[in-house]
Every structure is written in C-alpha cells, then in structure tokens.
Amino acid sequence: MDNVVYRAWTKGIRDGAHKPRYGMEWLSARRGWFKVFDDRIECGNWSIPYSSIQEAVLFKSRQVLIPVSVLRLATPESTYQFGFNPWVQVEGHLPFQVRNEEIGLKYSAFFFALRIAVLGSVVFLIWRTFFGGAI
C-alpha cells in the first residue's frame, strides 16, 4: 500500500487551462483530499503521475487580506486546478518544479452578475426592513 506523503483539503476543477478566476466551474468543483504520493497526485479518482506533468504553476493572490492559492497542473490529457485554504502551504510538499505567479483574481461574467444580484437583494431587504417597503 502506498503511503501518503502529504494531504490537504481542496476544491478541484478539470480542464482549467485558463488562469484561476472566480467562475461557475468552482460551484460544482470536486471537494476532497489532495494527496501527494511518491509518484503521483490524487484527488478522488483523479490520479496524476508526476511523469505526465508538463507544467506546474502555483498562483497566489490576496483577496481582502486573505491569501488565496491555486495550483494548476497541466498534463497532455487535461489541466487541473486545485484551490487551497489560506493556511495550506502545498509548495513545500511537492517533489517537482513549481513556478510561482502572483495574480489578481478576475470574475467571470456569471460571478459578476451573481454578485450584483446578491447585492441588490441585500439592499432591497434592508430597505424593506427599515422603511417598510415604501419608496
């Protein structure tokens, strides 16, 4: 049986060849353990042998004082992105070369519209609560 060298809770998406961003694909992202073994990475039934990794980039950003990190692993078949909690320091546990890149996370059109809808709903509820709905 293989021994897990390191593991951390993650959200992951497949075919995320773009730079990390807030997008609809993260709503249905796989949640599970990101496991580092001697010869591969696993997350659920995804198994990524180190020999197949063509590029590894750790994107780092800061969102309202909270650090965000997303690891993108590109293989010939797919590109994976794994988002980690602020306290996870995955880079020290990976046995392959990882390029670090600072980015500003962008919003997809869907997430931008969702944020506007939520903000509008909150404003409406506050208005209705304190002013009785009168305009």
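All values below were derived from every heavy atom in this structure, side-chain atoms included, with hydrogens, water molecules and symmetry-related copies excluded.
- Annotation: side chain of S61 is not in contact with side chain of E102 (no heavy-atom distance under 4.5 Å).
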Could you list the donor-acceptor pairs under 3.5 angstrom formed by side chains in residues 79-94, with sequence neighbours left out?
unit_1 : atom_1 : unit_2 : atom_2 : d
Q81    : NE2    : G16    : O      : 2.5
Q81    : NE2    : H18    : O      : 2.7
E91    : OE2    : K60    : NZ     : 3.1

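- Rounding to the nearest 0.5 Å places CD1 of I13 at 10.5 Å from CZ of R72.
- For CD of Q97, the number of neighbouring non-hydrogen atoms (other residues, nucleotides, ligands) closer than 6.0 Å is 12 at most.
- Hydrophobic clustering (ILVMFWY, side-chain heavy atoms < 4.5 Å, transitive): L125 and V123 are in distinct clusters.
- Taking the side chain as every heavy atom from C-beta outward, V36 and P95 approach each other to under 4.5 Å.
- Separating the OG atom in S121 from the CD1 atom in I116 is a distance of 11.0 Å, to the nearest 0.5 Å.
- Taken from CD in E42 to OG in S47, the straight-line distance is 4.5 Å, to the nearest 0.5 Å.
- Side-chain contact between R30 and N45 is present, with heavy atoms from C-beta onward closer than 4.5 Å.
- A distance of 11.5 Å separates OG of S69 from CZ of F59, quoted to the nearest 0.5 Å.
- A continuous path of ILVMFWY side-chain contacts below 4.5 Å connects L58 to I48, so both sit in one hydrophobic cluster.
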Inset, instruction - Just do the side chain to side chain contact (heavy atoms under 4.5 Å, CB included) check on V98 and V57 with the steps written out, would you? - result: CA-CA 5 Å; V98 177; V57 182; 5.9 Å; no

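- Relative to the ring axis of W9, R31 does not place its NZ or CZ within 45° and under 6.0 Å from the centre.
- Scanning both residues, F34 and L71, for their nearest heavy atoms gives CZ-CD2, 3.8 Å.
- The structure places CD of E55 at 11.5 Å from OG1 of T75, a figure rounded to the nearest 0.5 Å.
- Under the 4.5 Å side-chain heavy-atom criterion for Ile, Leu, Val, Met, Phe, Trp and Tyr, Y6 and I53 are members of the same hydrophobic cluster.
- Side-chain atoms of Y50 come within 3.5 Å of backbone atoms of F37 as a donor-acceptor pair (strictly under, hydrogens ignored).
- In this structure, E77 CD and R14 CZ are separated by 8.5 Å, a value rounded to the nearest 0.5 Å.
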Legend entry - From CA spacing to verdict: side chain to side chain contact (heavy atoms under 4.5 Å, CB included), L73, F96: CA-CA 11 Å; L73 300 176; F96 48 83; 3.9 Å; yes

